Chemist: 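Right, I'll just put the structure down here and ask away after.
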Amino acid sequence: MSTERLYSLRMRAAQGGAHEEGGLHISGGEKLGVEEEIETLVGRLLDKALHHSRGTADFINLVIERVDASNCSVLSPLAVSTYKVSDYRAGRQKAVTQLRELSVSETAIMNAFNILSSAQNIRGAILLDSQSGERLDARGDRGVRVSRMDWDQEQYASWIRRHPQFDSPRIAEALALATKVVHAQGTVAELCWSDDPDYVTGYVASMTKGYCRITHLKKEGDLSGGRVFFVSPGTSISGYVEYLEHSLVWIG
């Protein structure tokens, strides 16, 4: 693991002006890297912002920040499984079943699906109480952005050699994020599907079930999507958000 002169890179992109001015969220990205990798990582983030199925960004915010590598935690990636379903209805039923098995309440599940089915411009995750279904973050369309995590590249190469069927930047990014999220004290589960109109696969993630990909969680062409984190009742939300937004995590 590289630990010298470590930098956090964070990108968010919108169309029609900044997010704060009502611009449509296009994409976001998170990277960790050493100094000599910054130029390459910036190029990847800019390419993601400028060539995206949701549209072409005309507002791009890129933050590069040196961070203390000694504070990095190292987490093993979640086990990955894939459930092939015929359409989004079957996919959502599979997700509901998994969430029920994780003791998420019917109310919380219903609220999560209602939020994700209608959300088209949320750039962060929504936090829901896993029992009451109450929203806990009070951040509107901003949500909670999970930051400062990435794969150790040597470990990622080794992981891909063992799991070549998952060799995809999209899966790599989502798996890194989900791994950090489920290790947060208070996380019960995550439900996610992309707001990209041409990508219909989503997932349920948890410590016990791992990263469970479901091949259809929405219709093709649908702009809805996002992330919901189901949180145990009584969790300190300030501490929970602090971990998600600021703790450094290597996946490997």
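When a residue number appears, it is its place in the shown sequence, counting from 1. Everything numeric in this text was worked out from a predicted model, so none of it was measured. Values below: every heavy atom of this structure, side chains too, minus hydrogens, waters and symmetry copies.
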Chemist: With a 4.5 Å cut-off on side-chain heavy atoms, are V42 and L62 touching?
Modeler: yes
Chemist: Between R145 and E30, is there a side-chain N and carboxylate O pair less than 4.0 Å apart?
Modeler: yes
Chemist: Go through the steps to decide whether R142 and H19 satisfy the test side-chain hydrogen bond (donor to acceptor under 3.5 Å, both in side chains), and finish with yes or no.
Modeler: CA-CA 8 Å; R142 178 186 171 199; H19 298 83; over 6 Å; no
Chemist: Any side-chain donor-acceptor pair under 3.5 Å between R162 and S158?
Modeler: yes
Chemist: Where does the angle between the aromatic ring planes of W151 and W159 fall among parallel (under 30°), tilted (30 to 60°) and perpendicular (over 60°)?
Modeler: tilted
Chemist: Check whether any side-chain heavy atom of E242 sits under 4.5 Å from a side-chain heavy atom of S247, and report yes or no.
Modeler: no
Chemist: Within 45° of the axis and under 6.0 Å from the centre of the six-membered ring of W193, does NZ or CZ of R227 qualify?
Modeler: no
Chemist: When you compare the side chain of T208 with that of L102, does any pair of heavy atoms fall below 4.5 Å?
Modeler: yes
Chemist: Could you pull out the closest heavy-atom pair between E37 and L32, with the gap in Å?
Modeler: OE1-O, 4.5 Å
Chemist: In Å and rounded to the nearest 0.5 Å, what is the NZ to OG distance from K219 to S224?
Modeler: 10.0 Å
Chemist: Looking only at heavy atoms, what is the nearest atom pair of G252 and V74, with distance?
Modeler: O-CG1, 4.3 Å
Chemist: Taking the six-membered ring of Y88 as reference, does the NZ or CZ atom of K218 fall below 6.0 Å from its centre and within a 45° cone about the axis?
Modeler: no
Chemist: Relative to Y199, does R170 satisfy both conditions: NZ or CZ under 6.0 angstrom from the six-membered ring centre, and within 45 degrees of the ring's axis?
Modeler: yes
Chemist: So do V241 and L127 actually touch side chain to side chain, heavy atoms under 4.5 Å?
Modeler: yes
Chemist: Please check if any side-chain donor atom of S27 sits under 3.5 Å from a side-chain acceptor atom of R123, or the reverse.
Modeler: no
Chemist: Going by the side chain to side chain contact (heavy atoms under 4.5 Å, CB included) test, name the single residue among I64, D150, V63 that passes it with L9.
Modeler: I64
Chemist: Contact between L6 and W250 at the side-chain level, heavy atoms closer than 4.5 Å - yes or no?
Modeler: yes
Chemist: Does the side chain of F230 reach to within under 4.5 Å of the side chain of L136, using non-hydrogen atoms?
Modeler: no
Chemist: Is it true that E245 and R139 have a side-chain N and a carboxylate O under 4.0 angstrom from each other?
Modeler: yes
